[in-house]
Each structure stands twice: as structure tokens, then as C-alpha cells.
Amino acid sequence: MSTVTTATATATATVLAASPQTSVSEAVVFWIVAPVAIAAALAMVFSRHAVHAALLLVVDFFCLAVLYAAQDAPFLAAVQVIVYTGAIMILFLFVLMLVGVDSSDSLVETLRGQRVAAAALALGFVVLLIGAIGSATLQMPSQGLAAANAEGNVIGIARLLFTRYVFAFEATSALLITAALGAMVLAHKEQVVPRVSQREMSRRRFAGAHPTPYPSPGVFARHDAVDTPALLPDGTAAEPRPPVLEGSSNQAGRAGDPAGPGATGSGS
Amino acid sequence: MKPALAYAAADGTFAATWLLLAFPAVGAAILLLGGRRANRWGPVLACLAAGAAFVLGLVLFAAMLGRAGDDRAISQHLFSWIPVNGFQVDAGLLLDPLSMCFVLLVTGVGTLIHIYALGYMAHDPNRRRFFGYLNLFVVAMLLLVLGNNFLALYVGWEGVGLASYLLIGFWSARPSAATAAKKAFIVNRVGDVGLSIAIMLMFATLGTTSYAGVLGGIGALGANSGTVTAIALLLLLGACGKSAQFPLQSWLLDAMEGPTPVSALIHAATMVTAGVYLIARSAPIFNLTSDGRLLVTIVGAVTLAIGAIIGCAYDDIKKVLASSTMSQIGYMFLAVGLGPAAYAIGILHLLTHGFFKATMFLGAGSVMHGMNDTVDMRRYGGLRTVMPITFWTFAMGYLAIIGFPGWAGFFSKDKIIEAAFDKGGTSGWVLGTVALIGAGVTAFYMTRLMIMTFFGERRWDPDAHPHESPAVMTGPMIVLALGSVISGFALTFGGGLQQFLEPVVGRSAEEGIHTISPTVLTLITLLVVAGGAAAAYRQYGTQAVPRTAPQAVSPVTVAARRNLYGDAVNESLLMRPGQYLTRALVFVDGRGVDGVVNGLAAGIGGSSGRLRHAQTGFVRSYALSMFGGAALVLAVLLLGRLG
Amino acid sequence: MTPAYYLFLSAILFTIGVLGFLLRRNAIVVFMCVELMLNSVNLSLVTFARMNGTLDGQIMAFFVMVVAAAEVVVGLAIIVSIFRTRRSASVDDANLLKY
């Protein structure tokens, strides 16, 4: 799709160079994609379920990728799809699963006046922003990227990136390494008690009330999230569960767990 | 007429002037710093120190008499004391006829009283400290009269105040003594403030504090100018404080809490006359201000009346003598207030009074010594036979104070009455009449004292065994009694003291201009005195004296017994308002000043305490604020762009 | 239609992101809203690049993506670590730093 758009843009660039107007095809694309993007964003904000929010965000990112492509930025469109929808959103979902996905947020606002104030401010903000942008750019002629993309968009970006922005580019490598190290440090858990050996674990298991392995999470349960405990055949929770998000809907049935996760074999 | 202000240098014999101060100063230092080692021989050393000063004083006196009249003021430069650029004060001594009188009085009477105290204080465990204080007093008093500038006088002035405080409160275990010492100190402070301001004023207007500069230069300010009058009145305030004159007289009666030798030396013979010395020394200042002189005479007359009236009412023998002292110093003030005419008479009365009042105080001490320290005269009576020496010496003092012809008071007090009448005008008549009546009242209360103490029936306490005092006490009494008899005649023989003092205070008014002829006035005075004595005899000699003071008495007596309500006036006019003022100030400070400060702090603390609740800890609240801020910035930018 | 319409869309998406940030309490959803805001800005940058006829805007958007990736990694690590200690991923629960 992006190559088609690029070709079209290159073809029409000379015609439209001095005009603020875009081509009809682009307008069609915009008027289809933009409502979708707004609807997806709103739905993301108001969805009770975090996983739904993540998926709606993916939709939004795809919409943006389309719009990038429509604006002669095929490289960015590709990167958007690969990095954001591919890598980052997977990371989000992974963390969501890690901390417990079986939780739809409560929509009861706890901070007094927060919702009304936020809505009023957002409305005022968007009106101001649109007013400012409109007054500044509505009549501005669009140069178009025909000249800049003469060798192709990727080559043009690469030329800039490895000449004028080469130091910034190198700095991002340091940034990424630092971020990776930081994530490792933050996620690292200090071993404060002696590691429980295999022998000790089996001793405990047989000394306890439940010698056989626990069912996997989600067995007999209605959810398959990691924070939803497996149920035993009699319907009781199989074992102590990992904690849950604040305000989750099925919190009531989980109160009063004596022990934390880990030691009794959920790690195995 | 003008006092000699060009002082001769201290050469020859006079080079030893500073030793006058050094002897008692060394004595005081050894006694006060020597510790218990000096307990045994310390008191004797103190007597020797005072005696040495007296002998030296006599030698200097003889040397002074060998000089011409105008050449008798000798100034000795000791060292540069305060050498600041515009403020040059040299420590120096001035020995002139006026200070010579005081030197001899202080060292002479002082030595006798030191010796007397050897007997009186023989059994006191703190004798060494007592004699140390006595020597300290002698040093300070000599510095007061010998200094050649007002600053040195001020140092001596404060020194005698300190010694007085220490000696009044010598038996500090008694609350009454401690309170009396404090009272004396505080009342004296009032006067001292006046004196210090007077000295500051002198320095401000004349640029110097030395006698030569001030007394010589004061004429340039002009007679009756405001500054001169102010200086004179401030000096008078200082003199009133030190000499227990109205309105600062209240401390002297309480000062009798001190040991009797102290009362005799400090509160009768020497220190309380320092005010008279100050006024006589400042004669050139007072000569320039008629208002100031008039006020001095008024103060003197009022005090002599107050003292005489109070003296009639007390039964405490020492308080009677103390009020008598107030009254007699009132006479002296009256005299020195009369101006050049009567300075010498005032000094004369000061000297004779020093003798006869010291005699009587020592006599009173002797009586107390024999009567278990009882001071109530209603517990005395008939002591004439058991204490003959005390009685006879006391009688000499008695005759001297009432002005019996030939005795000392006759030559001094009658002269003051005469000089008061000679002042002329209404004020002269009023002052003279007051002085005359005062003489009669003096005769009344002194006769009352004599009769109640030495005559009549014996009203002793059962455990009293009166006996004559030892020779170490009677000896000084005899010497002083001798002085009471002859000093008046000796000092006026051939105009002696008058001529001696003339270089300092000026010549008396010409003889012959009298309101009332001296002979007639003397007769009148004698009649008044005889009347007073007769009234006292009728009251106390012919009737039995009750052992307790009668309560059904006239309002005048009640008032007199209460010190003419002097303490009540002080209390209601000064003490209570002062207390209310301090309370009000404390209130204003606590609620007002502190209130504002604390209120401010509390207000800021409270409001910040409320404000900090904006920090809820909720990230979303903060984000909302930031978002609002961003919207605001955007709005402003947009307005700037559109406008 | 002019390119400015892209900017209007960007503004609307940004505001929706802000709204989500202000209203949601699940830290991960809040984080998603931040990502939405970053992307809306990227859209602006791409549009600016087009209007100005240079590629610098696209380069800028590229860098924003890189930074956003790094930020997501660290941010999610923080969320995990908070969750591990506090057993909660609600941003309202981490409110100890207050008056």
C-alpha cells in the first residue's frame, strides 16, 4: 500500500505543490481512517478491561500507520507497525498477563471532581488546540515531500539519519542499552532467603496436605488468566493465588489468603 | 570671693596625700582577701589602718595651716584614667580646706568607731568581714571627698553606697536587715541617677568633669541659665538620695538594721553628710542659680521638720537617733542652700553633728550592749546609775544637739537659724520659723529619749542585767563626748572654720545686716528649746512611762509613728504603679509583641498545614493540575497570537 | 481538505490520551494512554514534515519512537516492581508521598 501511495504522491506532487489542498484519494483515506482512530481511542479510554484497551490501542496504531503512509512516510508506517503494534504492544500484553488480566477496572471515580474537571479541561484544551492549529496552518501551503523523497523515502531518511543526525542516532543506542539495563535492574528480585532446593520442595509437598501437583491456572475456572486460581473438583480454590489489581470485580472471593505464592509449587 | 581654682602642685609633705587612701585600701584588701588567717589580728589591723590615715591627715592638716590662705588647695595627679580623644579624665586628688575637714572627720571619727567596734563586735563570728567593710567604707568616703573631678567623686559615691549596703545587711540572715539593705541601695540608685546625669550634662556642656574645669567654667553659662539650674537640681537629687533628704528619706530609718557602729559612722557622722559635701563642693554652680538654692533650702526645711516630728513618736532608740540625723542634715541643707552666707555654717554643723551624733549612737550601742540588744526605750529607764560613763557621755551629746549654751550645737545650729532669718523676705521668715520650731521639737524628742532611757523607774525585761561597757567602747565615747562639748567653740574661735573654708566656699555675708538681732534670736531660740525640753519633762518625767506604747493617741502621733506615711506614699505612688506598669508591660509583651510574632507563625503554620493538603499523593490530581496549566499556557499563547 | 486536518486529528487523539491518563487508575492502561499521546504527536511531526517539504520531521518521529520504546521498557519494569511490592497496579494506591 505504501508504495502505491508514494507513487501517487510523486505523480501529483508537481500539480499540488503550491496548493493547500490534498488529493481526493488521500481525503477519502483520511475520512475513513480518522473516525476509526478517534473511536478506537475513545473506546480504549472507556473500556473496562485492560486487554480490550490494549487491542483497541493496536487498532489506533494501525490507523496511524495508514495515515503515515498517506503522508509520504512509508518507512515510519512500517516502523510503526513493527515496533509499536509488534513489539511494544506485545510487551504491554505480556505485563498485563503477568500482573493479572482478570480484572476489569471499576469505573467509580474515587477522586472528587476529577472526572468533571478532566472532561471540562479536555474540552477546553481541544478547542483551544484546534483553534490555534487552525489559525496557524489552515491556509498554509503544503510543500509536499516529492523533492525530499526523490531517491525514495527510506534512502532520504537514511541519508539524514547518518549524516546530520548521526550523533543523536548514536545517543539512542546508549539510551536503549541503558533502558535494557534499567529494566533488568528494576525487575530483578533479590534472593533474601536461601533457595529452596528440589529436595526440600518435595519434602514439603509430601509433608503437606496436597502431595500431587496443583492444577494449572484456569483449570475448571472461567478465566485462564494467571491470577485466576485453578479450582479443585469440589469447587474450592486449589491454592493461594497471586494478588490482584485494585478494584477488580471478583475480589470478594479472594480475601483471607494466608500464604503468598511461590513456595508451594506454582513456580514448577 | 571666687574659690581658688588654680591648684598648687602636691609637693613636699603633700606628696603623701595618696597614702590617705592607700592605708585603709590595703587594710580592706588584706581583710577581705586574707581569709581566715586574718581572723585574729584583722580587726586590729583595720583600726591601725584607719588610725594611720588619721595621723597622716593630721600631718597634712598641719602642713596646710603652714601655707597661705589662697595656696591651700593642693592637687595631686595620680595617673591618666580615661584618655579617650575628647574625654580626658585624670585620676587625681584635691586636698583643700573643705576636703581636709572631711578627711579629719572621716578618719578621726572613723578610727574611734573602729576601736569601739572592737568591743561591740567582739563576739561576732564575722568580725573580720565587718572590719574589712568598714575599711572599704573609709577608702570610698576618702575618695569621695578627695577626688579632683566629679567622676572620681562618683566612684567614691558608689563605693560608700556599696559599703553602706554591705554593712546594713551585715546580719543578712535577718530578713529585715536584708530588706533594709536592698531598700537603701535602691533609693540611693534614684539619687545616683540624678548625679550621673548631672555629670553627663557637665561633660556635654563644658567638656570636662574636673573641678577646675567645671567649677571654673560654669560661670560662662550664665547665672540662672537652664543648664546650670538643671545641673544644680540633678546634683540636689543625688545629694537627697545619699543624705536621706525629702523625698528620698525613707531608707535611713530602715538602715538602722545594721550594727550600731555602722549607724554611728555611716548613717550619722559621715556618709549621709556626703550630700552636704556635694552641694558645698559645687558651690560655684549653686551660687549661679537662685532657684536651685531655694529648692535646697526647701528640701532642708521640709526634711528637718519631718525628721523632728518622726523622732517624737518612735520608741526605738536607734530610729529616734536616725530621724534626728535626718533632721540635722536638713539643717545642713538649709544652711548650704542659703548660699555663700552659710556654707561654712553648714559645714560647721556637719562637723559638730559628726561628733555629737556619733557620741549618742555609740551611747545607744552601749545601752543596747548592756540590755541584750533591746532597742525599745520603753524597756529602759533608770540606767543612769548602772551605766554612768554611757550616761555622762550621752548627756554631752544631748546638750550639744539641743544647743545648750557653750556646747557644740549652740554654735552651729543657732547660727543656721540666724542665717535662715537673715535670708530676708518671706522665704527667710518661713525657713527661719521652721528651723526655730525644729529646734524646739529637737529638744522635745531628745529630752524624751534621755528621760526614757536614763531616768525614771526601771522598766527592764526580767532577763536584762545592764552593765557598763568595756573600756574599749567607753574610751571612744569619752573622746567623742569631749568633741561634742568643745568642737563648736573650738571651730568658731576667732572665726576659725569660717576663714579656713573661705578659699573654697567664699566669704560669709557682711556682719551687721540682721533681720533679728543675734542676741535676741539666741534668747528666743533658748526659750523655744527650753519649752520643748520642759514639755518632754512634763510628759515623761513626771508621769510613769507605760511599758507598751499607748494606742489611744492623736492622729498626728499615729502618722509620726508611721513615718508620716512616707513608706505608704512610696508604696502607693511608686511601688504599686510600678508593679502595675510591669504587669501591663509583661501583658503587652506576652500578648501583644509575642502574640503578633506567635500569631504570625501560627497563621503561617496553620495555612501551610491546610495548603499542604493539596498534596494528596494522587498522581492523577497532579496530572490534572499540570493539564490545567498547559491549557492556560496554550490559552495565553493563543490570545497573544490573536491579539 | 488540507494537511491541517491531520493536525486536528492529532490534537483530538492527544486530548483523548490525556483524558485517559486522568481518568484511568490501572497503571498499564494509563501507560497506554501515554503511548497514544506520543503517537498523536508523531502524527503531527509527520504532517509538519510534509508541509515543510523536508524529512526532518520524520526523523524526529523516528527518534520519538525509539525513546518511547525505551520508556515503555523502563516504565513497565517499574510497574512490575511496584506491583511486586504493593500487590497492586493502581496509580491511586501509590500515594504515600503526600502531606
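Letters go in sequence order (proteins before strands), and every chain restarts at 1. The model shown is predicted, which means the values in this text are computed figures rather than measured ones.
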Per-residue contacts, residues 577-598 of chain B versus chain A, heavy atoms under 4.5 Å: none

A/Ala120 portion near chain B, given a 4.5 angstrom heavy-atom threshold: neither

Any residue of residues 620-637 of chain B which, by heavy atoms, sits under 4.5 Å from chain A: B/Arg620, B/Ser621, B/Leu624, B/Phe627, B/Gly628, B/Ala630, B/Ala631, B/Leu634, B/Ala635

Residues in residues 158-173 of chain B near chain A [non-hydrogen atoms, under 4.5 Å]: none

Partner residues of B/Ser250 under the side-chain contact (heavy atoms from CB on, under 4.5 Å) criterion, sequence neighbours left out: B/Lys183, B/Val187, B/Asp567, B/Asn570

